[in-house]
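See structure below.
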Amino acid sequence: MSETGVSMAEPGVLRLAGVLDYRSGPALRKQGKALVEASKEPRLILDCSAVDKSSSVGLSLLLAFIRDGQATGKVCEVRGMPEDMREIAEVYDLDEVLAS
Amino acid sequence: MSVDSAYAVELKGVSFKRGSRSIFSNVDIRIPRGKVTGIMGPSGCGKTTLLRLMGAQLRPSGGEVWVAGQNLPTLSRSDLFDARKQMGVLFQSGALFTDLDVFENVAFPLRVHTQLSEEMIRDIVLMKLQAVGLRGAIDLMPDELSGGMKRRVALARAIALDPQILMYDEPFVGQDPIAMGVLVRLIRLLNDALGITSIVVSHDLAETASIADYIYVVGDGQVLGQGTPDELMGSDNPRIRQFMKGDPDGPVPFHFPAPDYRADLLGAR
């Protein structure tokens with residue numbers, strides 16, 4: 001199990017880890033927004049490979065970070081989404097939205 | 001029952017009375033995790049009461065109700081409030097707030113139970129409405145929706161908090177064939193894709209049998225039988241056979257217990 005959190009693993013790579021749910025969501029949103037806005041990189045990669053479990057909140061976090069990145073002109077990309085998170089994204093027809 | 005039990009809900013020796021009238025007596029029911037389980041039986045047999053016992057809206061007069069490793073009747077009010085976050089209920093009536101639009105109806109549990117920001121609430125409401133095909137109805141009021149649409153909005157609200165257990169109370173009642181087909185497909189999809197445990201209380205045999213992995217048939221205050229839809233269809237038990245085949249005559253009486261008819265009409269002489 002990874003410790004729940006969000007961090008800039010390397011320049012331009014925002015790493016989400018642990019359990020993304022209604023409890024962790026509000027704090028992760030604030031921390032991630034600050035990290036994205038502080039980044040000077042022209043691209044933003046949202047790395048989900050360390051996510052252990054995600055509810056709809058995890059998908060909403062990805063959408064919110066993409067909006068943050070786009071607001072500062074970054075090219076955004078989601079990587080390493082675990083299979084169960086990808087399945088939830090499909091139920092909500094988000095697979096194409098998050099791939100763009 | 002541990003959190004990792006193969007069963008999401010377990011009723012052990014549950015009894016329930018209304019006044020002096022016994023509704024259930026020493027009932028054992030185990031709901032398999034991640035499956036669709038139907039609870040079936042004739043109208044008025046107490047199916048909805050069972051659902052309310054599982055959701056701790058009612059307190060049993062005896063026995064245990066285990067959900068996710070907790071015996072609900074023993075929980076404090078605040079622990080029960082937390083336990084209910086993992087349960088979604090689709091009420092028979094839909095129970096939408098008539099003075100709130102579709103968006104606010106679905107957002108309601110998110111506002112009550114979470115500290116999410118407004119932008120995340122909007123994302124999640126849009127996702128849930130997309131799943132039930134009604135994102136385009138986000139600004140409509142409940143009285144502008146058809147019966148089938150109301151039921152789907154209620155379903156979007158029921159899954160707003162990503163419940164582990166989703167309870168459906170007579171989801172097919174009053175639905176036209178198209179709306180019924182949409183609901184059947186949605187119940188199965190949400191169960192399988194989101195890993196939800198679904199409990200469908202219904203007397204609609206064909207629809208429930210078409211999606212349920214396992215069925216309990218209740219009546220006369222007890223569990224009359226259980227099994228897969230195929231097993232129940234082939235049951236030798238006359239009570240189960242009567243219900244599964246829809247026969248008016250059989251062990252389950254057509255008449256509710258009543259005084260002598262002649263005496264009722266003509267009076268005792």
Side-chain angles (χ1 to χ4, degrees), chain A residues 1 4 6 16 18-37 46 48 51-72 76 78 81-100, chain B residues 3-4 34 68 81-88 106-136 138 152 155-166 185-196 198:
Chain A
M1 290 282 282
T4 298
V6 59
L16 291 86
V19 179
L20 315 180
D21 63 9
Y22 292 94
R23 286 198 174 92
S24 62
L28 295 177
R29 173 67 191 117
K30 283 181 190 162
Q31 292 160 14
K33 184 181 176 70
L35 290 169
V36 172
E37 287 176 350
L46 301 169
C48 302
V51 172
D52 293 316
K53 193 174 178 189
S54 173
S55 68
S56 310
V57 172
L59 299 171
S60 172
L61 284 171
L62 292 180
L63 293 168
F65 295 147
I66 290 173
R67 286 193 296 267
D68 293 342
Q70 288 176 341
T72 51
C76 303
V78 178
M81 201 187 283
E83 189 56 33
D84 54 351
M85 193 176 182
R86 190 178 300 281
E87 284 177 10
I88 297 174
E90 283 177 15
V91 173
Y92 299 122
D93 293 335
L94 284 176
D95 35 347
E96 286 185 19
V97 176
L98 294 174
S100 61
Chain B
V3 181
D4 299 324
F81 190 74
D82 282 339
R84 283 198 182 120
K85 288 180 193 172
Q86 59 190 326
M87 301 181 216
V106 181
F108 188 82
L110 297 165
R111 296 196 194 288
V112 171
H113 288 286
T114 79
Q115 303 295 318
L116 293 175
S117 63
E118 194 57 35
E119 66 161 346
M120 291 182 78
I121 288 176
R122 182 173 183 276
D123 284 341
I124 292 169
V125 170
L126 288 175
M127 282 191 259
K128 306 299 172 178
L129 286 172
Q130 176 74 9
V132 300
L134 290 177
R135 187 169 46 82
I138 197 163
R152 283 152 68 190
L155 181 52
R157 187 176 63 184
I159 60 172
L161 289 169
D162 295 317
Q164 292 172 25
I165 301 166
L166 196 43
R185 190 183 64 81
L186 272 174
I187 291 171
R188 191 76 244 183
L189 172 78
L190 294 174
N191 186 87
D192 295 349
L194 301 182
I196 291 173
S198 305

CD (A/Q31) with more than 12 external heavy atoms under 6.0 Å: yes
Region of B/L126 in contact with chain A, defined by heavy-atom distances below 4.5 Å: neither
What is the distance from atom OG of A/S60 to atom CD1 of B/I124, rounded to the nearest 0.5 Å? 4.5 Å
Please report the C-alpha distance between B/M120 and A/L61 in whole Å, then the side-chain angles of each, then the deciding distance to 0.1 Å, and finally whether the side-chain contact (heavy atoms from CB on, under 4.5 Å) criterion is met. CA-CA 7 Å; B/M120 291 182 78; A/L61 284 171; 3.6 Å; yes
Contact part of B/L129 toward chain A, heavy-atom cut-off under 4.5 Å: side chain, backbone, both or neither? neither
Answer yes or no: is there a side-chain heavy-atom contact under 4.5 Å between A/Y92 and B/K128? yes
Which value, rounded to the nearest 0.5 Å, describes the distance between A/D68 atom CG and B/E119 atom CD? 6.5 Å
With a sphere of 6.0 Å drawn around CZ of A/R23, does it hold more than 12 non-hydrogen atoms of other residues, nucleotides or ligands? no
Taking every heavy-atom pair that is under 4.5 Å apart, which of B/L116, B/I121, B/V132, B/T114 has the most such pairs with chain A? B/L116
Partner of B/M127 by side chain to side chain contact (heavy atoms under 4.5 Å, CB included), out of A/L59, A/I88, A/V91: A/L59
Quick check: closest heavy atoms across B/D162 and A/Y22, and the distance to 0.1 Å? OD2-OH, 3.2 Å
B/R188, CZ atom: more than 12 neighbouring heavy atoms under 6.0 Å: yes
Of A/D93, A/L94, A/V97, the one forming a side chain to side chain contact (heavy atoms under 4.5 Å, CB included) with B/Q130 is A/D93
